[in-house]
Amino acid sequence: MKKRMLAVMLPVAAFVALAGTGFGVWVFQNANAVTASASYNVANAVALNGMTVKSTGTVVLDQTAIANTVSLAVGVDYEEIKGNFGTADGNTYTYGSNDAANTAIKVEYKVEVAISAGLAEYIKCDTIGGEAAGTTKTFASVTADTTETTDQDLAVVFSWNDGKKPTTLDEFKTMNNECAEETIVFTVTPTSAVLA
């Protein structure tokens, strides 16, 4: 009985073993890596490197009135830097620099004035360019071509502080002594630079 059972079981087991493995396949890898190149472009950049300012004229403290002949010429130090590019044709590149775009920027800035203590006791700055000191001013459109001609001329107006205009010789002498070696300093600060 054992022999019979074994005679039936062995062929069935052998069939299951062969059927479970499936068909055999040889696999070969003959393909190599392939590449594709992409073009690139580094866009141009513009930089506000700073502001320029030049003061001309003199504030004259006179008995009748303060003579205001001070003017500020404010300008922009602007630079445009060309970006680079690489153009792919298949896997071959052509390289170069972009053309200058003459990109326009809008620059906002403030002009503030510092009058040293002895002089500030007697006079104050009323306006710079027709507006209060510290008011934001704007260059609406500055480009590389226009930076040489973009100076904004701002008239500066000073006036007497209330009750500080000398009315006697002694008051004049006191003021004159207190105002010796004093300063009036203008500071131009850029506050924003964006594309125009």
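Hydrogens, waters and symmetry mates are skipped; everything else that's a heavy atom, side chains included, is used. Numbers for residues simply follow the sequence, beginning at 1.
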Any side-chain heavy-atom pair from [X] and [Y] closer than 4.5 angstrom?
| X | Y | value |
| --- | --- | --- |
| Leu119 | Leu61 | yes |
| Thr56 | Val70 | no |
| Ile66 | Ile123 | yes |
| Thr135 | Lys110 | no |
| Glu131 | Lys137 | yes |
| Asn98 | Asn41 | yes |
| Thr103 | Tyr78 | yes |

When hydrophobic residues are tied together by side-chain contacts of less than 4.5 Å, even through go-betweens, does [X] share a cluster with [Y]?
| X | Y | answer |
| --- | --- | --- |
| Val156 | Trp160 | yes |
| Phe172 | Val59 | yes |
| Tyr40 | Ile81 | no |
| Leu72 | Val157 | no |

* To do: Check whether the side chains of Asp126 and Ser159 place a donor and an acceptor atom closer than 3.5 Å, and report yes or no.
  => yes

* Flag for Glu171-Thr167: side-chain donor and acceptor within less than 3.5 Å ->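 Yes - a donor-acceptor pair under 3.5 Å links their side chains.
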
Under 3.5 Å, which donor-acceptor pairs link side chains of residues 25-38 to any protein atom two or more places apart or in another chain?
| unit_1 | atom_1 | unit_2 | atom_2 | d |
| --- | --- | --- | --- | --- |
| Gln29 | OE1 | Ala31 | N | 2.7 |
| Thr35 | OG1 | Asn91 | ND2 | 3.1 |
| Ser37 | OG | Asn91 | OD1 | 2.8 |

* For Asn176, check side chain to side chain donor-acceptor pair (under 3.5 Å) against everything at least two apart and list the hits. =>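 Expected list: none.
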
* Asked: side-chain contact (heavy atoms from CB on, under 4.5 Å) with Thr92: which residues, sequence neighbours excluded?
  -> none

Which atom pairs, donor and acceptor, lie under 3.5 Å between side-chain atoms of residues 184-196 and protein residues at least two apart or in another chain?
| unit_1 | atom_1 | unit_2 | atom_2 | d |
| --- | --- | --- | --- | --- |
| Thr191 | OG1 | Glu108 | O | 3.3 |

* Would you check, one step at a time, whether the test side-chain contact (heavy atoms from CB on, under 4.5 Å) holds for Val74 with Met51? => CA-CA 7 Å; Val74 179; Met51 305 289 293; 3.8 Å; yes

* Got a sec, which pairs hit ring-ring contact (aromatic ring centres under 6.0 Å, His included) with one end in residues 85-119, sequence neighbours left out? -> Tyr93-Tyr95, Tyr109-Phe139

* Asked: Please, which pairs that meet salt bridge (Lys or Arg N to Asp or Glu O under 4.0 Å) have at least one residue in residues 111-125, sequence neighbours excluded?
  -> Glu121-Lys164

